[in-house]
Protein chains: 2
Amino acid sequence: MITRTESAAATRRALLDAAAGLLDEGGPEAVTLREVGARAGVSRGAPYRHFADKDDLLTAIAAQAWNALADQAGTLGAHPGMPTRDKVRAMLAGMLATARERPHLYRLMHRPPAGPEVLQAAARSQGPFVAALSDLVGDTQAHRFGAVLLSGVHGAIGMEASGQLTRDKWKTDADEILDTLVGLLPAS
Amino acid sequence: MITRTESAAATRRALLDAAAGLLDEGGPEAVTLREVGARAGVSRGAPYRHFADKDDLLTAIAAQAWNALADQAGTLGAHPGMPTRDKVRAMLAGMLATARERPHLYRLMHRPPAGPEVLQAAARSQGPFVAALSDLVGDTQAHRFGAVLLSGVHGAIGMEASGQLTRDKWKTDADEILDTLVGLLPAS
DNA sequence: GGCTTTCAGGTGACGTTGTCAACTCTGTAG
DNA sequence: CTACAGAGTTGACAACGTCACCTGAAAGCC
């Protein structure tokens, strides 16, 4: 049996999926509430039953994406037998992969100003990251190293996306920058 | 005497200034061609005499901002007696200052995909930067170092803007990250 | 069971925006 | 002096976000 709340939850998810799909395919301008509703099989006004406005819908998508990254980081962090530095590298590589596979979503995740919902989800993804760094460089240095690593990879991603970081111009790319930064960490 | 081409050029500049002002004050959503025209003292259709469409106007603003940064970097690079590493630091600090004083403009400068006009102006700003680095680490390493430095500072700026890089969470800030990265360079 | 409430969803309407076509007007070239 | 080019205006249109109002059915209560 399908209760009403179940149906509503399904619609909400359909709206999120439709909006994320439109974002991936056509960028932010392609995400119109009318088209989102149409793809989800509802009318143009229906989204307002689940989200305050368009911005609220986009925020929910961003938070969802951060939570997916957090799950991925958590799985990596709990992986037994994997060298800690490789875990750090893999977490950053996960960011890079998301940015390349779904550039518009990645940009949405970093859209200022980030609301509390997004900040909390992002913090959740950074928990395992800082924990791994603590094992390598100690608690006191973990945050400082983390900020440098995260900034460096995030910046390389942004410059690559805008076309400023090309191998032709800089003789390197985002992957190498990631490796260079991770190389600053002690091994094991 | 005021020729017609002079008057047209003045209108074009007025449109650019008006749009840049609206961008600084109210973000990208505040930049409407109607309001731009009104501020420039012309009608809503006038911008189409100087720019192909809204995007073209925004692109021109981004290119103009990159050129201003390029001028600043060029002045720094030609500064006699200043230690080369300080020049590099000052150039990066100039980026950081722009990002803090005019965050919406900074974001526009890095908006993907960057057209040829923007990429060329950006490259112009990076010329003095790479030249200074060549003096410090040699031609072969200058580009790789430059990419890491630029990525790191750009990423820190982005995370600071979105509220993700706070001293509360990371025990550091963009200024310290900048210093840390510049500290990787040999002195003098 | 019947009644009332609640709430997902639909529809009409409005203001705003980007954009185009048609028009006016005025320096400028021939 | 005439024709032209081009800056500027205005009317119009479609698309969009959003709101107010309406509908219908599930859910809770007696």
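Labels below follow one simple rule: chain letters A, B, ... track the order of the sequence lines, proteins then strands, and each chain is numbered from 1.
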Exercise. Quick one: side-chain hydrogen bond (donor to acceptor under 3.5 Å, both in side chains) pairs with a partner in residues 127-142 of chain B, sequence neighbours left out?
Worked result: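 Only B:S134-B:D139 qualify under side-chain hydrogen bond (donor to acceptor under 3.5 Å, both in side chains).
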For this session: Count the heavy atoms belonging to other residues, nucleotides or ligands that lie under 6.0 Å from CZ of B:R13, then report whether that count exceeds 12.
Result: no
Exercise. Quick one: side-chain contact (heavy atoms from CB on, under 4.5 Å) partners of B:H143, sequence neighbours excluded?
Worked result: A:W170, A:K171, B:V130
Seminar exercise, completed: Heavy-atom contacts, protein to nucleotides 9-17 of chain C, under 4.0 Å, summarised as B (base), S (sugar-phosphate only) or - (none) per nt, yield BBBBB---B
Exercise. If you look only at pairs with a residue in residues 71-117 of chain A, which of them pass as a ring-ring contact (aromatic ring centres under 6.0 Å, His included), with sequence neighbours excluded?
Worked result: A:W66-A:H110, A:Y106-A:H110, A:Y106-A:H154, A:H110-A:H154
Whole-Å distance between [N] [atom2] and [X] [atom1]?
| X | N | atom1 | atom2 | value |
| --- | --- | --- | --- | --- |
| B:Y48 | C:dC20 | OH | C1' | 8 Å |
| B:F51 | D:dA7 | CZ | P | 12 Å |
| B:D53 | D:dA15 | CG | C1' | 16 Å |

For this session: Please identify each residue that fulfils side chain to side chain donor-acceptor pair (under 3.5 Å) with B:R102, with sequence neighbours left out.
Result: B:D24
For this session: Could you please spell out the steps behind the side-chain contact (heavy atoms from CB on, under 4.5 Å) verdict for B:V148 and B:R144?
Result: CA-CA 6 Å; B:V148 171; B:R144 295 171 188 275; 5.9 Å; no
For this session: Compute the bend angle of the helix from C:dG1-D:dC30 to C:dG30-D:dC1 from the end axes (five pairs per end), rounded to 10°.
Result: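 The end axes of the helix from C:dG1-D:dC30 to C:dG30-D:dC1 are about 0° apart, to the nearest 10°.
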For this session: Please answer whether the main-chain N or O of B:A63 pairs with a side-chain N or O of B:N67 as donor and acceptor at a distance below 3.5 Å.
Result: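 Between the backbone of B:A63 and the side chain of B:N67 there is a qualifying donor-acceptor contact (under 3.5 Å).
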Problem set entry | Min side-chain heavy-atom separation B:T11-B:R49 under 4.5 Å | no
